[in-house]
Amino acid sequence: FMYTPDKLTIDKDLDGLKLKMIQEHFKLYEGYVKKSNEVQEKIKSADKSEANGVYSFIGELKRQETFAVNGMKLHEVYFGQLHGDGVPNGEIVAMIERDFDSMDAWKLDMIATGLSARGWAILCYDYRDNKLHNYGSDGHNVGAVWGAIPLIALDVYEHAYFIDYGVNRKDYINSFFKNLNWEFVNEIVKKFKLA
């Protein structure tokens, strides 16, 4: 099995997000897909007998596999949801209101998560308590929560916004929300029967 990258469906500037910045960012996603395939192929032939917790080639492959695969998956959510009108709708709204008391309370928490995380702010459905949570992640594979489905993935690595916003992460986050495709989020909710 080989992963194939999604196609970039954005073909013009978005509200506050220039196409050039999106295209450059998308190249990083394509790189994660390529590296996910490359690492998984190397794992097949790596010498498993040398496995060691301090250092071994197989150990390093396994560590980098989680970085590449999570980077691929989170970017697929990120780019998939980044072409809407930003108006919340559908089943996800009721779920957010149930678990955060209001859309405003959720958004305030999501923004705070995005401003404090080094890599990602992710609205997830967590199967442990069957509720939504905004989880922060410092890396693709640092802070990920097992048994949770990403519904909204806000990339806050500098590469996601630096071309247009420099160090102004907050304005980038506001632009992200203006372009959020809530139908994409609702499709994930339906796919995993989360409502």
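The analysis underlying the following values was restricted to heavy atoms, covering all of them including side chains, and did not include hydrogens, waters or symmetry mates. Index from 1, following the sequence.
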Find out whether [X] and [Y] are in side-chain contact, i.e. whether some heavy atom of one side chain is under 4.5 Å from a heavy atom of the other.
X	Y	answer
Trp120	Leu154	no
Val39	Val69	no
Ile92	Trp182	yes
Ile111	Phe177	yes
Leu82	Leu180	no
Phe192	Glu187	no
Ile152	Trp106	yes

Quick check: does any side chain N or O of [X] sit under 3.5 Å from a backbone N or O of [Y], one acting as donor and the other as acceptor?
X	Y	value
Asp164	Lys18	yes
Asn134	Ala121	no
Asn179	Asp15	yes
Ser36	Ala68	yes
Asp109	Ala105	no
Asp13	Leu19	yes

Walk me through it: do Glu158 and Arg169 pass the test side-chain contact (heavy atoms from CB on, under 4.5 Å)? CA-CA 8 Å; Glu158 285 84 359; Arg169 185 185 289 189; 4.0 Å; yes
Could you please spell out the steps behind the side-chain contact (heavy atoms from CB on, under 4.5 Å) verdict for Leu14 and Phe176? CA-CA 9 Å; Leu14 301 179; Phe176 170 84; over 6 Å; no
For Gly139 and Tyr157, which heavy atoms make the closest approach, and how far apart are they? CA-OH, 3.0 Å
Least distance between heavy atoms, Leu194 atom then Met95 atom: O-CE, 3.6 Å
Go through the side-chain N and O atoms of [X] and [Y] and say whether any donor and acceptor fall under 3.5 Å apart.
X	Y	value
Glu76	Tyr29	yes
Asp47	Ser49	yes
Tyr165	Ser175	yes

Pairs meeting criterion salt bridge (charged side-chain N to carboxylate O under 4.0 Å, His left out) with involvement of residues 83-97, two or more places apart: none
Could you give all pairs that pass the salt bridge (charged side-chain N to carboxylate O under 4.0 Å, His left out) test and reach residues 126-143, with sequence neighbours left out? Arg118-Asp138
Using 0.5 Å steps for rounding, measure from the [atom1] atom of [X] to the [atom2] atom of [Y].
X	Y	atom1	atom2	answer
Gln81	Asn186	CD	CG	12.0 Å
Leu108	Met110	CG	CE	12.5 Å
Gln64	Lys42	CD	NZ	11.5 Å

Applying side chain to side chain donor-acceptor pair (under 3.5 Å) between Lys27 and each of His25, Glu30, Glu24, report the one that passes. Glu24
Indicate, with yes or no, if the rings of Phe1 and Tyr3 have centres closer together than 6.0 Å. yes
Quick one: list whatever passes ring-ring contact (aromatic ring centres under 6.0 Å, His included) with Tyr127, sequence neighbours left out. Tyr125
Lys48 NZ: over 12 foreign heavy atoms closer than 6.0 Å: yes
Verdict with supporting geometry, Asp155 and His75, side-chain contact (heavy atoms from CB on, under 4.5 Å): CA-CA 8 Å; Asp155 191 340; His75 279 97; 3.0 Å; yes
CA sep, side-chain torsions, deciding dist, call: Ile43, Glu65, side-chain contact (heavy atoms from CB on, under 4.5 Å): CA-CA 9 Å; Ile43 286 171; Glu65 178 184 33; 3.6 Å; yes
